[in-house]
Asks: 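First the structure, then my questions, so here it is.
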Amino acid sequence: MVAEPKLISDLKRTHSCGSLRAGDIGEKVVLFGWVHGRRDLGGCVFVDLRDRHGLTQVVFDPTVEATAHGMASELRGEYVVGIQGTVRSRGHQINESMPTGEIEVAASRVEIFSKADTPPFHIEDEIDTGEQLLLRYRYLDLRRRPLQNILVRRSRMAQATRTFLDSEGFLELETPFLTKSTPEGARDYLVPSRVNPGKWFALPQSPQLFKQLFMVAGFDRYFQIVKCFRDEDLRADRQPEFTQIDLEMSFVCEEDVLSLVEGMMSAILEADGKEAVPRPFPRLTFDEAMSRFGSDKPDVRFGLELVDVSDIARKSGFRVFADAVDKGGIVSAINAKGADLSRSKIDGLAEEVAIHGAKGLAWAKVKPEGWQGPVAKVVSEQAREQIVERLGAVPGDVLFFVADRREVVLASLGHLRLVLGEMLSLIPKDVLSFVWVTDFPLLDYDEEQGRWVALHHPFTSPREEDIPRLEKDPGSVRARAYDLALNGNEIGGGSIRIHDRSVQEMVFRTLGLSEEEQQAKFGFLLDAFRFGAPPHGGIAMGFDRIVMLLTGASSIRDTIPFPKTLRAVDVMTDAPSEVDSRQLEELHVKNVL
RNA sequence: GGGGCGUUAGUUCAGUUGGUUAGAACGCCGGCCUGUCACGCCGGAGGCCAGGGGUUCGAGUCCCCUACGCCCCGCCA
């Protein structure tokens, strides 16, 4: 007697659960997958079998094979099974809503590979279960098609990136994860060194210095799709460990990096089945972006631009406006064209600007007979006319004003612009709108620390003509830095780097780093620059954010297989967690809590 | 560090003015059913009302604190 062949070991999978069509009718097939659903009609039993490619209906018909039909009643949701059977037509009962809906597999054999407890939520496309539960059972959530689709697309985008950069002559080179803590920038994740008591590694915030050293080494073009770590508070688009497309090029200027990235983004779009976006991408200087959009990552899919009316406001007769300007602040306005906003909605908008520190939101409705609203009477007639002219206002428009310190005005109106754009449905949802922001300031004064800090990072090259002002007027020095924004989100940033030891030392000095500190923290870089450093520059792209924006995912968590919650916790593994005191001893670390 | 919203069966939710034994749908378990595909019908099980404290004759409901989740400000070169 010959033993019956076993599924898997003897009979291999012939098709995925999404591949069978009418043309396969009559084929003898073997399918493996998860039991997605079961409909037991007593006589015959229908089971939907699922793998990541799709669903196939399997029918257990007692007239076909009584043993298999008997086993069908044991099947439950999420059991992992193998099926052998024959593809047959569903006749006139085609299910139009599924790609395999013309056929079904009449099972002659079934083998249960693994039984399953009832899952804590249904594995289905549309789900409204709380995210915490989904994250706790992430491996079940990842069985759902929408999440799988995002990760499939993420994989394709990563491959497209590699293919593109490879074709452009880039080398994919690795850099250490156990590296040196750097004083500038984000808070480091630290790793104690067992063999060097009292000393610590830091996980990289980015491979910045190593990629510059690759340039010094002469590799010319480097890239890496790499994890970076920053111990800062989380957001919907921020995780403590995230993935960058990191690249660096030698003997280049801004234009070379920008056009390369435009090509790379186009390759990614193409890999994701998107329409081509015109190149070159539009560009804005930092100053322009801030004054017109109130943001260094402007969403340029719609108008509602900010307009400075400080000069008019100063002589408007309205104390609040005049005082703001006299104290060195500004008054800017947004014209919400044709916005028919109720009083309660406008009150809600005042709360929106308060988030960014604005003490009030002045507004006026433009009517044929004149302005209506709280500022209508307090602003002089002449000023009203000038404002209407500058904003191109016509009856039916609503004008909003914020008067405050420049940063507050730009931040609050920049935010208001986005809220109004959403409220008035002005933002086209299916458009991908890239914009470069260039000419960032090199430095920013940190009131708390009482010193200048690098806006981008301390290795960013100042514009050559601005270098003489580095010592006397650091705030006016522009950087050779650039950010790429997509639909109002920052998706990448980079710069032409300093390759001259003396300029690098000058920047470090301006940042308040003593010779000793420079040597202790960045000595290896300054040393490297002594041995012939090529001019170089590069960029780091936020890969998770790119995936998020192209797939329409609502949070960065949906683009990462195993993400952390806002409190930087992995609720599935329960990390971070306490460790054995022996482990701590070995690491020469004491818990002070 | 700060602000906002939320937490009731496995899941999504309802729960009146503070008042008997906290409900529904889906899911789950059992039974019936040979053409279902959101199968149908019948029956059943299932609750530390996030945790702690308080007010009260009496708290899911009112008050305070805490925890957790989400969104935002600060922070994120």
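Lettering of chains follows the sequences in order, A, B, ..., and the numbering in each one begins at 1.
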Asks: Roughly how far, to the nearest 0.5 Å, is the CG atom of A:L455 from the CZ atom of A:F286?
Replies: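 Separation between the atoms: 6.5 Å.
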
Asks: Nearest whole angstrom, please: distance from the P of B:rC76 to the OH of A:Y189.
Replies: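 It is 15 Å, rounded to the nearest whole Å.
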
Asks: In whole Å, measure the gap between the C1' atoms of B:rG18 and B:rG60 for me.
Replies: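 Each nucleotide's C1' atom is 11 Å from the other's.
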
Asks: On a whole-Å scale, what distance lies between the C1' atoms belonging to B:rC39 and B:rU21?
Replies: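 Taking atom C1' in both B:rC39 and B:rU21, they lie 35 Å apart.
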
Asks: Have a look at A:Q57 and say if it touches a base, only the backbone sugar-phosphate, or nothing, with a 4.0 Å heavy-atom cut-off.
Replies: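 Counting heavy atoms under 4.0 Å across all strands, the contact made by A:Q57 includes a base.
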
Asks: Checking base pairs now: Watson-Crick or wobble, both atom distances under 3.5 Å. What partners B:rC5?
Replies: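 The base-pairing partner of B:rC5, which may sit in any strand shown, is B:rG69.
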
Asks: Going by atom types only, do A:D287 and A:T285 share a side-chain donor-acceptor pair under 3.5 Å?
Replies: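 Looking only at side-chain atoms, A:T285 and A:D287 do not form any donor-acceptor pair under 3.5 Å.
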
Asks: What is the nucleic acid contact for A:T182, judged by heavy atoms within less than 4.0 Å: base, sugar-phosphate only, or nothing?
Replies: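 It contacts nothing in the nucleic acid.
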
Asks: Grab the CG-P distance between A:L134 and B:rU11 for me, whole Å please.
Replies: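 Interatomic distance, CG of A:L134 to P of B:rU11: 11 Å.
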
Asks: So A:F46, base contact, sugar-phosphate only, or nothing? Heavy-atom distance under 4.0 Å.
Replies: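 Since a base atom lies under 4.0 Å of A:F46, the category is base.
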
Asks: Measuring only the P atom in each nucleotide, how far is B:rA9 from B:rG3? A whole number of Å is fine.
Replies: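 Looking at atom P only, B:rA9 and B:rG3 are 29 Å apart.
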
Asks: Applying a 4.0 Å non-hydrogen cut-off, can you work out what A:T460 is touching in the nucleic acid: base, sugar-phosphate, or nothing?
Replies: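 No contact at all - A:T460 keeps every heavy atom at 4.0 Å or more from the nucleic acid.
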
Asks: Between B:rC63 and B:rG44, how far is it from one C1' atom to the other, in whole Å?
Replies: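 Straight-line distance between the two C1' atoms is 41 Å.
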
Asks: For nucleotides B:rA14 and B:rA25, find the distance between their C1' atoms and express it as a whole number of Å.
Replies: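 Pairwise C1' distance, B:rA14 against B:rA25, rounds to 11 Å.
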
Asks: Could you check whether A:P119 gets within reach of a base, just the sugar-phosphate, or nothing at all, counting any heavy atom under 4.0 Å?
Replies: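 Contact class for A:P119: none.
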
Asks: What distance, rounded to whole Å, do you find between the two P atoms, one in B:rG53 and one in B:rG58?
Replies: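 Those two atoms are separated by 15 Å.
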
Asks: In terms of the angle between their ring planes, are A:F229 and A:Y189 parallel, tilted or perpendicular, with boundaries placed at 30° and 60°?
Replies: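 Geometry flag for A:Y189 against A:F229: perpendicular rings.
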
Asks: Hey, does the side chain of A:R187 come within less than 4.0 Å of B:rC76's phosphate (OP1/OP2), counting only N and O?
Replies: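 For A:R187, the contact criterion (side-chain N or O under 4.0 Å from OP1 or OP2 of B:rC76) is not met.
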
Asks: May I have the distance from A:D570 (atom CG) to B:rG69 (atom C1'), rounded to whole angstrom?
Replies: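 Checked: the CG to C1' distance equals 15 Å.
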
Asks: Which part of the nucleic acid, if any, lies within reach of A:R88 when heavy atoms closer than 4.0 Å are counted: base, sugar-phosphate only, or nothing?
Replies: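 Base, at least one base atom sits under 4.0 Å.
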
Asks: Can you tell me, in whole Å, how much space there is between the P of B:rG1 and that of B:rC13?
Replies: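 30 Å, rounded to whole Å.
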
Asks: Taking atom P of B:rC71 as reference, at what distance in whole Å does atom CZ of A:R238 sit?
Replies: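 Taking CZ of A:R238 and P of B:rC71, I get 12 Å after rounding.
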
Asks: As a test of reading the structure: which of B:rC26, B:rC71, B:rG30 is closest to the side chain of A:R76, going by heavy atoms?
Replies: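 Nearest nucleotide to the side chain: B:rG30.
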
Asks: Is it true that the side chains of A:R21 and A:H15 contain a donor and an acceptor less than 3.5 Å apart?
Replies: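 A:R21 vs A:H15: no donor-acceptor pair found between side chains.
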
Asks: In terms of side-chain geometry, is the basic nitrogen of A:E104 or A:R88 positioned less than 4.0 Å from the acidic oxygen of its partner?
Replies: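 The answer is yes: the pair qualifies as a salt bridge.
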
Asks: Return the value, rounded to whole Å, for the distance between atom CG of A:D444 and atom P of B:rC75.
Replies: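 So the CG-P distance, A:D444 to B:rC75, works out to 9 Å.
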
Asks: Over all strands shown, is A:P120 touching base, sugar-phosphate only, or nothing at heavy-atom distances under 4.0 angstrom?
Replies: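 Contact class for A:P120: sugar-phosphate only.
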
Asks: Identify whether any heavy atom of A:Q93 sits under 4.0 Å from a base atom; if not, whether one sits that close to sugar-phosphate; answer base, sugar-phosphate or nothing.
Replies: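 Base, at least one base heavy atom under 4.0 Å.
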
Asks: Which is true for A:G91 with a 4.0 Å heavy-atom rule: it touches a base, it touches only sugar-phosphate, or it touches nothing?
Replies: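 Nothing, no nucleic acid heavy atom in range.
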
Asks: Which listed nucleotide (B:rC28, B:rC68, B:rC33) is nearest to the side chain of A:R567?
Replies: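 Ranking B:rC28, B:rC68, B:rC33 by closest atom to the A:R567 side chain puts B:rC68 first.
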
Asks: Please classify the nucleic acid contact of A:L234 as base, sugar-phosphate, or nothing, using heavy-atom distances under 4.0 Å.
Replies: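 Nothing, no nucleic acid heavy atom in range.
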
Asks: Using Watson-Crick or G-U wobble geometry with both distances below 3.5 Å, tell me the partner of B:rG44, or none.
Replies: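 Result: B:rC28.
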
Asks: How many whole angstroms separate atom CE of A:M98 from atom P of B:rU36?
Replies: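 Value for this atom pair: 15 Å.
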
Asks: Relative to each other, are the rings of A:Y137 and A:Y139 parallel, tilted or perpendicular (30° and 60° limits)?
Replies: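 Answer is perpendicular, since the angle exceeds 60°.
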
Asks: Say you pick atom C1' in B:rU8 and the same atom in B:rG23; how far apart are they, in whole Å?
Replies: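 Result for the C1' pair: 11 Å, nearest Å.
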
Asks: Would you say A:R39 places a side-chain N or O within less than 4.0 Å of OP1 or OP2 belonging to B:rC39?
Replies: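 For A:R39, the contact criterion (side-chain N or O under 4.0 Å from OP1 or OP2 of B:rC39) is met.
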
Asks: Quick one: is A:R38 getting a side-chain N or O under 4.0 Å of the B:rA38 phosphate, OP1 or OP2?
Replies: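 No, outside the criterion.
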
Asks: Can you check the A:I127 CD1 to B:rC26 C1' distance for me, whole Å?
Replies: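 My rounded result for the distance is 12 Å.
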
Asks: Determine the contact category for A:N95: base if any of its heavy atoms lies under 4.0 Å from a base atom, sugar-phosphate if only primed atoms, P, OP1 or OP2 are that close, otherwise nothing.
Replies: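 It contacts base atoms.
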
Asks: Which part of the nucleic acid, if any, lies within reach of A:L455 when heavy atoms closer than 4.0 Å are counted: base, sugar-phosphate only, or nothing?
Replies: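 Sugar-phosphate: the residue A:L455, judged by heavy atoms under 4.0 Å, touches backbone atoms but no base.
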
Asks: Does the pair A:E241/A:K564 count as a salt bridge with the N-to-O cut at 4.0 Å?
Replies: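 Answer for the salt bridge query: yes.
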
Asks: Side-chain N or O of A:R235 versus OP1/OP2 of B:rC73: is the shortest distance under 4.0 Å?
Replies: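 The answer is yes; a side-chain N or O of A:R235 sits under 4.0 Å from OP1 or OP2.
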
Asks: Specify the separation, in whole Å, of atom CG of A:L566 and atom P of B:rG3.
Replies: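 In whole Å, B:rG3 P and A:L566 CG are 17 Å from each other.
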
Asks: So what does A:R557 hit on the nucleic acid, given a heavy-atom distance under 4.0 Å: a base, only sugar-phosphate, or nothing?
Replies: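 Sugar-phosphate, no base atom in range.
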
Asks: Regarding A:R90, tell me which of base, sugar-phosphate or nothing describes its non-hydrogen contacts under 4.0 Å with the strands shown.
Replies: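 Answer is base: heavy atoms of A:R90 come under 4.0 Å of a base.
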
Asks: Is it the case that the side chain of A:R230 and the backbone of A:Q205 share a donor-acceptor pair, with hydrogens and angles ignored and the cut-off at 3.5 Å?
Replies: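 It does hold such a pair.
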
Asks: Check this for me, if you would: do A:D233 and A:R238 make a salt bridge, where the nitrogen-to-carboxylate-oxygen distance has to be below 4.0 angstrom?
Replies: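 No, no charged N to carboxylate O under 4.0 Å.
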
Asks: So if I take every side-chain heavy atom of A:T129 and compare against B:rC37, B:rU11, B:rG69, which nucleotide ends up nearest?
Replies: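 From the listed options, B:rU11 comes nearest.
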
Asks: Determine which nucleotide pairs with B:rC57, using a 3.5 Å limit on both distances of a Watson-Crick or G-U wobble pair.
Replies: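 Answer to the pairing question: B:rG19, which forms a Watson-Crick or G-U pair with B:rC57.
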
Asks: Could you check which of B:rC75, B:rU36, B:rC71 has an atom nearest any side-chain atom of A:S555?
Replies: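 Output: B:rC71.
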
